[in-house]
A.B. asks: 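Dumping the structure here so I can ask a few things about it.
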Amino acid sequence: MTELELVVKAREFVAEGVLALTLGDPLGRALPAWEPGAHVDLLLGPDLERQYSLCGDPADRSAWRIAVLREPAGRRGSPRPRAGEGSAYVHEQLGEGGKVRVRGPRNHFRLEPAPRYRFLAGGIGITPILPMLAAAERSGAEWTLLYGGRTRSSMAFTAELACYGDRVTLAPQDEAGLLDLAPVLDGLPAGTLVYCCGPGPLLDAVEERCPAGALRIERFRPKEQRASMDREFEVVLARSGRTVPVPPDMSVLDAVRAAGVEVLYSCTEGTCGTCETDVLEGAPEHRDSVLTEEERAAGDTMMICVSRCRGARIVLDL
């Protein structure tokens, strides 16, 4: 996967606590192509990586734009980097002209062709949706956006959204309360796709109401999993023929890394898709927040940082 050192070409606050960065190649070379829904990893320091959606124009190969919400610090005593450390670094340390390592782009939230779209965004979840709107507009599809946030001042890119007129509904919580999903999701015409990104409670509510097969979501935090009894199983590494045991209290990722296998990974929570690995034999027990229901049912791939095996043995393309 592509890893680049990019320079911060511009910084702009696009809402209260939301900083947009424009990143470019120091020598002016074209950046890798991407499609709406893609994100990149910012490698901010040892054990400090964060994923941010690309929210600029895919046709502009000279720059990538991301938007970073300044998050509060995480819980004290957490063994992992605190939730706010990445955003604090970006807001405080990445000045104009500064350099940052970037990996990607990667896309598990692609905009699929459809005659109609219903877009829903909450807070910083507007970032992957923004280029989707432009793509839907170019395709001639019929679409609407319902966008909520804490306050109007906290909602990013509202000036850019104004050009779409009444197809965009802004619903700040302090003015309108929680998003009213019924007018958007009830009685969807056949062929309509629903794209949603935002906080967990919004995604959960949309999942409960949306017709099967119509919904595409992206989560910034892992979905809460039902408690299950973990058991030991074996992972066969197809490229070497080695077999690695995975104890009940260890992830596949940690087990193969302990066996000396180099694997690309980032979030370790099943949300970014970095550690996605092809499954050659066996049935994965999916615990990620990335794959669609159709992809889970196919069982061709798994996120080895969180997912496990339904049986005693699974063969991976490692």
Side-chain angles (χ1 to χ4, degrees), residues 34-40 51-59 65-67 69 104-149 155-158 160-161 163-171 178-223 270-273 288-296:
W34 61 280
E35 297 178 352
H39 69 259
V40 294
Q51 292 76 45
Y52 299 105
S53 296
L54 293 171
C55 56
D57 179 3
R65 184 175 67 168
I66 62 172
L69 171 66
R106 183 184 305 107
N107 200 340
H108 288 280
F109 195 41
R110 286 183 173 86
L111 185 67
E112 302 171 24
R116 286 170 298 278
Y117 299 99
R118 297 294 178 263
F119 298 104
L120 298 107
I124 198 63
I126 190 61
T127 51
I129 300 295
L130 200 60
M132 292 184 180
L133 303 182
E137 182 77 0
R138 286 193 300 271
S139 75
E142 185 268 314
W143 63 267
T144 62
L145 166 67
L146 177 60
Y147 176 24
M155 297 168 65
F157 302 116
T158 54
E160 293 184 28
L161 293 171
C163 70
Y164 295 120
D166 59 6
R167 281 173 292 177
V168 173
T169 300
L170 302 182
L178 297 177
L179 292 182
D180 185 4
L181 302 179
V184 179
L185 300 179
D186 290 356
L188 283 178
T192 303
L193 291 182
V194 178
Y195 279 79
C196 182
C197 187
L202 171 62
L203 301 184
D204 294 341
V206 172
E207 278 187 320
E208 290 179 5
R209 193 156 198 144
C210 195
L215 180 61
R216 307 290 185 268
I217 65 175
E218 183 171 61
R219 291 181 179 271
F220 295 139
R221 298 286 181 268
K223 185 176 182 179
T271 59
C272 74
D288 65 274
S289 301
V290 176
L291 298 176
T292 66
E293 290 304 317
E294 292 80 5
E295 290 168 334
R296 291 181 176 218

A.B. asks: Could you pull out the closest heavy-atom pair between Met155 and Gly148, with the gap in Å?
C.D. replies: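 Shortest heavy-atom contact: CE-C, 3.9 Å.
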A.B. asks: At what distance, to the nearest 0.5 angstrom, does CZ of Arg116 lie from OG1 of Thr144?
C.D. replies: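 If I round to the nearest 0.5 Å, the distance is 11.5 Å.
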A.B. asks: Closest approach of Trp34 and Pro105, non-hydrogen atoms and distance?
C.D. replies: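 Closest approach of Trp34 to Pro105, heavy atoms only: CB-CG, 3.9 Å.
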A.B. asks: For the residue pair Val290 and Gly273, what are the closest heavy atoms and their distance?
C.D. replies: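 Heavy atoms only, the tightest pair is CG2-N, 4.0 Å.
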A.B. asks: First locate atom CG of Leu181, then atom CZ of Arg118, and finally report the distance between them rounded to the nearest 0.5 Å.
C.D. replies: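 Leu181 atom CG to Arg118 atom CZ measures 13.5 Å (nearest 0.5 Å).
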A.B. asks: Distance from Cys197 atom SG to Ile217 atom CD1, nearest 0.5 Å?
C.D. replies: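 Rounded to the nearest 0.5 Å, the SG-CD1 separation comes out at 9.0 Å.
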A.B. asks: Less than 4.0 Å between a side-chain N and a carboxylate O, is that true for Arg110 and Glu295?
C.D. replies: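 Arg110 and Glu295: not salt-bridged.
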A.B. asks: Compare every heavy atom of Leu215 with every heavy atom of Cys196, then report the nearest pair and how far apart it is.
C.D. replies: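 That closest heavy-atom pairing would be CB-CD1, 4.3 Å.
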A.B. asks: Could you state the interatomic distance from CZ (Arg167) to CH2 (Trp143), rounded to the nearest 0.5 Å?
C.D. replies: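 With rounding to 0.5 Å, CZ (Arg167) is 5.0 Å from CH2 (Trp143).
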A.B. asks: Inspect the contact between Asp288 and Arg296 and indicate whether a charged nitrogen and a carboxylate oxygen are less than 4.0 angstrom apart.
C.D. replies: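 A salt bridge links Arg296 with Asp288.
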A.B. asks: Can you check whether Leu146 reaches Asp180 side chain to side chain, under 4.5 Å on heavy atoms?
C.D. replies: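 When only atoms from C-beta onward are counted, Asp180 and Leu146 do not touch, as no gap falls below 4.5 Å.
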A.B. asks: Please answer whether the main-chain N or O of Tyr195 pairs with a side-chain N or O of Arg216 as donor and acceptor at a distance below 3.5 Å.
C.D. replies: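 No.
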A.B. asks: Write down the atom of Pro36, the atom of Ala135, and the distance for their closest heavy-atom approach.
C.D. replies: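 Closest heavy-atom pair between Pro36 and Ala135: CG-CB, 4.1 Å.
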A.B. asks: Write down the atom of Ala67, the atom of Tyr52, and the distance for their closest heavy-atom approach.
C.D. replies: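 Minimum heavy-atom contact is O-CD2, 4.1 Å.
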A.B. asks: Show every donor-acceptor pair shorter than 3.5 Å between a side-chain atom in residues 121-132 and any protein atom, with sequence neighbours excluded, or say none if there are none.
C.D. replies:
{"from": "Thr127", "atom 1": "OG1", "to": "Ile124", "atom 2": "O", "distance (Å)": "3.0"}

A.B. asks: So, taking the atom named CG in Leu111 and the one named OG in Ser139, what distance separates them when rounded to the nearest 0.5 Å?
C.D. replies: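 Going from the CG atom of Leu111 to the OG atom of Ser139 covers 7.5 Å.
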A.B. asks: Give, for atom CG of Leu179 and atom CG of Leu120, the distance between the pair rounded to the nearest 0.5 Å.
C.D. replies: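 With rounding to 0.5 Å, CG (Leu179) is 7.0 Å from CG (Leu120).
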A.B. asks: Going through the distances and angles, do Arg219 and Asp204 end up as a salt bridge (Lys or Arg N to Asp or Glu O under 4.0 Å)?
C.D. replies: CA-CA 10 Å; Arg219 291 181 179 271; Asp204 294 341; 2.8 Å; yes
A.B. asks: Could you go step by step and tell me if Ile66 and His39 meet the side chain to side chain contact (heavy atoms under 4.5 Å, CB included) rule?
C.D. replies: CA-CA 9 Å; Ile66 62 172; His39 69 259; over 6 Å; no
A.B. asks: Any side-chain heavy atom of Tyr117 sitting closer than 4.5 Å to one from Glu112?
C.D. replies: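 Result no, sub-4.5 Å side-chain heavy-atom pair not found.
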A.B. asks: A side-chain contact here means heavy atoms from C-beta on lying under 4.5 Å apart; do Glu142 and Thr192 qualify?
C.D. replies: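 Glu142 vs Thr192: side chains apart.
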A.B. asks: Are any of the side-chain heavy atoms of Leu133 and Phe119 separated by less than 4.5 Å?
C.D. replies: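 In contact.
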